[in-house]
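Below, chains carry the letters A, B, ... as their sequence lines are ordered, and counting in each starts from 1.
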Amino acid sequence: MKYVVGTKGVTRIQHPGLPHRPSNSRKSAVTVGLTFLSAIAILLLSMFVAISLGAKGLTLETVWAAIFQYNPALTPHQIIHELRLPRVLAAVIIGAAFAVAGALMQGITRNPLADTGILGINAGATFVVALSFAFWPGLPYGWIMFLSFMGAVLGTLLIFLLGMAAPGGLNSIRLTVAGAVIAAMFTSLSTGIAIYFDLSQDLAFWYAGGFGGIEWRHLKLILPVLLVTLVLIMPLARRVSLMSLGEEVAINLGINLRWTRFLALAAVVVLAGVSVSAVGSIGFVGLVIPHISRKLVGVDYRLIIPMSSLLGAILLVLADLGSRIVNPPEELAVGIMVAFVGVPFFLYLARKERRAL
Amino acid sequence: MNFNTPSRGKRSIIVSITLLCIAIAVIVISLNTGTIRLSPVAVLQTLLGNGSSDDQIVLFDYRLPRILVTVLAGAGLGIAGAALQGITRNPLADPGILGLHAGAAFGLMVFVSLSFTMDGSVALLIPLFAFAGSVAAALIIMLLSYDRHNGVSPIKLILVGIAVAAGFHALTLYLSLRLDEDTYSFAARWLAGSVWGRDWIHVQALLPWVVLCISYIWSRSKTLDAFNLGDAAATSIGTPVRSQRIILLLCAVALSAVSVSMAGGIGFIGLAAPHLARRLVGPMHRHLIPAAGLIGMVILVTADTIGRTIFQPNAIPAGVVVAAIGAPYFLYLLVRSK
């Protein structure tokens, strides 16, 4: 097996031996523990706030009662149970899924700018949704979800196929490039379809994302899949940490690169594909959250992955809350809300870091 | 450095002449085709001033300005891409990555959101707004990636570019979701790179920019070659790295901004044309730049012709055609290369 480590682009973006600042790499167990505890506390708090605030303001007492002593006869209880609760739960699990997918991508490609958009997942999903809008208009939400997941798989399958065709398999930089090109292709094909069939704005609405359409029956589908995947990838975390130190290091330590990469990519497709198909394409969560997690808990992916899932959940719960209360009764697309927060933060990161992120 | 120059030089001249012939052939074919077909002879006669008045109207008022805009914008995007890849030392840099397209799109959305009509002379302001948008994006990117100690560092430029692009995308999306359907589909078409309804005034606006920027960038080929060696080496052979990088960057930005403002946000040419050119004539910018410009020209004129003829009655924007054909080829290259 041949692996190109010293390709210009990779070494310049990140130095293989020292992926991140050494000062961040050692955190005491107490600090890490406290960080996790506060993240959990913030998540619970923001969930409660998100359930109680909205077009109809509800008191904490009602919220508490609606969750733990549900009474279907009361309207506030119904609002909470049927509308707010599924929304908030969806934001939690999907935020976690996007963030963890981003962390995995950044680990295995050793590219600090990798996120799920890069695998062609979002673009593949959008492409298939555009097709379905054009040829089978008026499909129910559940079907669109299924089709867009198939689109996400399609985008990633193309990358796998390319990887198999390329001599020596896909190295990190080639994976990144292939993803970017496939994303560009699918995006422009969707644009073409949308323009030809006059569907541009419908597609834009779908793409902009939102939790408005989420109901319990959708949640029953996505929640188990995402939870199981999140738990199953934990054993991968150690290998991803080693891979993020450089491919040669990982090979010397006896890691099977191909297999690890395959498993991680498969997990990314499930996490991001399901999420995109449920709520549209929400960028920046997968890019920004892993960076923040790395700053908080160091370079070990056994800590980065759980921390990313907590922070991703917090970010999306708050972004969804913001999108609902910023201009009621209209809702701002969540993707826009996330970008408004994510972009300045990312710029701050890019400026502050002496080395490139 | 000069090992291969004589043979490379000869090769590059041959390649350039071949590309020029292809470009002319494509332009002639493009002049012939459309809703009203003109035979090559009719085209030639009309160009020489002997055509029927109908042919003259079709050719001079509709087809020729459109094709000239395509030609100039294609060359502009190809060369801007080559320059950006040289400046950033990143073979993946293109004007789209640096957020210039996103800025132009935002400018267009602002225009569309403000005004209620797209007919008549107001429409002439569209390129202006798009240009202002992409220059604004470029300025923000440069300010944020400027560092007192190192000037504009290539990596920071790309990082900041990605973030600024995402920010502008979000703003554009925000504005676009509030538009009515007709206005939105007009804007979407334009953003996807459709060269529809271009007038002589657009050619006149485009020409001086393209000529000036291209000649300056070409005259600085040696500097671009030196950038490839890395900053330290480039400085040690006497290249004023910091000042040259900013001037060349400004040129590339102006070139792609003006191209995008006239032809819409066409991706992929800035990425693919320099790559193809590098395969044909090697990495020396003296050879690379003309080849990249010609390739960009051929790609865009072909894509525009395909887009407006094959998918009648609804035309497909050239940008879509470029990506739909360009991407598979690019993937093929990626798999083949070692």
Side-chain angles (χ1 to χ4, degrees), chain A residues 2 4 8-9 12-13 112-113 158 162-163 165-168 173-174 176-178 180-182 184-189 191-205 207-208 283-284 287 332-333 335-340 342-347 349-351 353 355-357, chain B residues 89-92 96-97 140 144-145 147 153-156 158-160 162-164 166-171 173-174 176-177 179-189 191-194 267-268 271 307 311 314-317 319-324 326-328 330-331 334-338:
Chain A
K2 270 190 268 173
V4 186
K8 265 187 187 172
R12 217 178 308 113
I13 289 176
L113 292 178
L158 272 178
L162 281 173
I173 192 142
R174 231 187 243 161
T176 317
V177 179
V181 175
I182 285 172
M185 179 178 72
F186 276 133
T187 306
S188 79
L189 286 177
T191 315
I193 293 168
I195 286 175
Y196 194 80
F197 291 96
D198 265 335
L199 300 164
S200 305
Q201 204 166 19
D202 297 342
L203 203 62
F205 266 109
Y207 189 78
F284 257 104
L287 185 63
L332 190 68
I336 296 173
M337 201 72 202
V338 174
F340 283 165
V343 169
F345 180 78
F346 188 76
L347 286 173
L349 274 185
R351 263 198 81 70
E353 212 77 0
R355 235 209 292 261
L357 284 175
Chain B
R89 272 178 303 170
N90 185 329
L92 292 181
I97 287 187
I140 294 174
L144 287 174
S145 53
D147 187 307
S153 81
I155 296 169
K156 212 171 253 183
I158 290 179
L159 288 180
V160 172
I162 290 172
V164 170
F168 272 109
H169 272 307
L171 287 173
L173 195 58
Y174 176 67
S176 66
L177 292 179
L179 296 175
D180 67 88
E181 211 171 306
D182 285 347
T183 323
Y184 182 79
S185 63
F186 166 81
R189 212 170 258 275
L191 291 178
S194 100
F268 248 97
L271 185 67
F311 298 98
N314 271 8
I316 296 274
V320 173
V321 181
V322 171
F330 205 78
L331 291 175
L334 192 73
V335 170
R336 279 277 313 276
S337 67
K338 296 249 166 75

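- Contact of A:F340 with chain B is made through the side chain alone, with heavy-atom distances under 4.5 Å.
- Considering only heavy-atom pairs separated by less than 4.5 Å from chain A, the leading option among B:V322, B:V320, B:V321 is B:V320.
- Considering every non-hydrogen atom in both A:G192 and B:I316, the closest pair reads O-CD1, 3.9 Å.
- With chain A as partner, the option from B:G326, B:A324, B:A323 having the largest number of non-hydrogen pairs under 4.5 angstrom is B:A323.
- Annotation for A:F284 and B:A166: closest pair CE1-CB, 3.0 Å, computed over non-hydrogen atoms.
- In this structure, B:L331 and A:I182 have side chains that are in contact, with non-hydrogen atoms separated by less than 4.5 Å.
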